[in-house]
Amino acid sequence: MNYIVKDTISFLVKTFPKIYSSLYLEDLKKFATQLRALVFIKNYGVISMTDLCSKLNIEKGSLTSMVDDLTDKKYVTRKRDLVDRRKYLIDITEEGDKIATDFMDKLSDGLGEKLSKLTEEDRKKYLEAINTLQYILNKEEFR
């Protein structure tokens, strides 16, 4: 059975790339959003459903489904907020942390490789640009 699935996917990729893409586009979007959520929670810690929804810029219903899926996979936990029992807090598990860390390591490796190809002067300009952007985005007008 496994070889039939692999052969079918291989056939679709080679013969009908647009059909293949359309079949998996929704799954890819879902996975990318879940990965963004895991990375966000890893970097910023426990977060309410409302805040996570805002940070990821997705609908609350979509977030609920995604958190249900991540909880089933044991990548996050969902607990009631002890201060406001109407809210739920999302925290990353050890398994979710590993996935987020692996992804961030791959991003870091890729960026490091690209930056290593720049001259020292260009790396300084890049860093200055990042620092300037961070400064501007941290201003009250952008919050």
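Hydrogens, waters and symmetry mates are skipped; everything else that's a heavy atom, side chains included, is used. All values derive from a computational prediction rather than experimental measurement.
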Chemist: Tell me if a side-chain donor or acceptor on Asp69 pairs with a main-chain N or O of Ser65 at a distance below 3.5 Å.
Modeler: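 Between the backbone of Ser65 and the side chain of Asp69 there is no qualifying donor-acceptor contact (under 3.5 Å).
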Chemist: Less than 4.5 Å apart, any side-chain heavy atom of Tyr135 and any of Asn131?
Modeler: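 Counting from C-beta outward, Tyr135 and Asn131 never come under 4.5 Å.
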Chemist: When rounded to the nearest 0.5 angstrom, what distance separates OG1 in Thr50 from CG in Leu63?
Modeler: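 Answer for the OG1-CG pair, Thr50 versus Leu63, is 8.5 Å.
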Chemist: Find out if a path of hydrophobic residues (ILVMFWY) with successive side-chain heavy-atom gaps under 4.5 Å connects Ile92 to Leu107.
Modeler: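 Yes, same cluster.
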Chemist: Which distance, rounded to the nearest 0.5 Å, do you find between the NZ of Lys73 and the CG of Leu38?
Modeler: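 Reported to 0.5 Å precision, the distance equals 9.0 Å.
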Chemist: Nearest 0.5 Å please: distance from the CE atom of Met49 over to the CD1 atom of Ile90.
Modeler: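 One finds 5.0 Å between CE of Met49 and CD1 of Ile90.
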Chemist: Step by step, work out the salt bridge (charged side-chain N to carboxylate O under 4.0 Å, His left out) result for Glu128 and Lys124.
Modeler: CA-CA 6 Å; Glu128 285 175 19; Lys124 285 181 184 177; over 6 Å; no
Chemist: Working to the nearest 0.5 Å, report the span between CG of Leu35 and CE of Met104.
Modeler: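 So the CG of Leu35 and the CE of Met104 are separated by 10.0 Å.
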Chemist: Between Thr71 and Thr77, is there a donor-acceptor pair closer than 3.5 Å when you use the side chain of the first and the backbone of the second?
Modeler: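 No, the answer is negative, given that no donor and acceptor are paired below the 3.5 Å cut-off.
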Chemist: Evaluate the side-chain hydrogen bond (donor to acceptor under 3.5 Å, both in side chains) criterion for residues Thr101 and Lys42: first the C-alpha distance (whole Å), next the side-chain angles of each, then the deciding distance (0.1 Å), finally the verdict.
Modeler: CA-CA 8 Å; Thr101 299; Lys42 176 182 175 42; 3.2 Å; yes
Chemist: Is the shortest side-chain heavy-atom distance between Asp81 and Tyr88 below 4.5 Å?
Modeler: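 Answer no - side chains too far apart.
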Chemist: Treating Ile, Leu, Val, Met, Phe, Trp and Tyr as nodes and any side-chain heavy-atom pair under 4.5 angstrom as an edge, say whether Tyr44 and Val76 lie in one connected cluster.
Modeler: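 Linked, Tyr44 and Val76 end up in one cluster.
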Chemist: Side chains of Ile58 and Thr33: closer than 4.5 Å at any heavy-atom pair?
Modeler: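 Heavy-atom side-chain distance check passes, below 4.5 Å.
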Chemist: Are Leu70 and Ile47 joined in one hydrophobic group, where the rule is that I, L, V, M, F, W and Y side chains link up if heavy atoms are under 4.5 Å apart?
Modeler: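 Leu70 clusters together with Ile47.
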Chemist: Decide side-chain contact (heavy atoms from CB on, under 4.5 Å) for Asp91 and Lys79; before the verdict, give the C-alpha distance in whole Å, the side-chain angles of both, and the deciding distance to 0.1 Å.
Modeler: CA-CA 8 Å; Asp91 195 9; Lys79 298 177 185 166; 5.6 Å; no
Chemist: Less than 4.0 Å between a side-chain N and a carboxylate O, is that true for Arg123 and Glu120?
Modeler: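 Yes, this pair counts.
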Chemist: Just how far is it from atom OH of Tyr75 to atom NZ of Lys98, taken to the nearest 0.5 Å?
Modeler: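 Interatomic distance, Tyr75 OH to Lys98 NZ, rounded to 0.5 Å: 11.0 Å.
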Chemist: According to salt bridge (charged side-chain N to carboxylate O under 4.0 Å, His left out), who are the partners of Asp68, at least two apart in sequence or on a separate chain?
Modeler: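 Testing Asp68 for salt bridge (charged side-chain N to carboxylate O under 4.0 Å, His left out), a comparison that skips the adjacent residues, returns Arg78.
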Chemist: Do Leu118 and Leu115 come close enough that some side-chain heavy atom pair is under 4.5 Å?
Modeler: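 Leu118 vs Leu115: side chains touch.
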Chemist: Quick check: are there more than 12 heavy atoms from other residues, nucleotides or ligands sitting under 6.0 Å from CG of Asn57?
Modeler: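 Incorrect, the count does not exceed 12.
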Chemist: To the closest 0.5 Å, what do you measure between OG (Ser48) and NZ (Lys55)?
Modeler: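 Here the rounded value is 9.5 Å.
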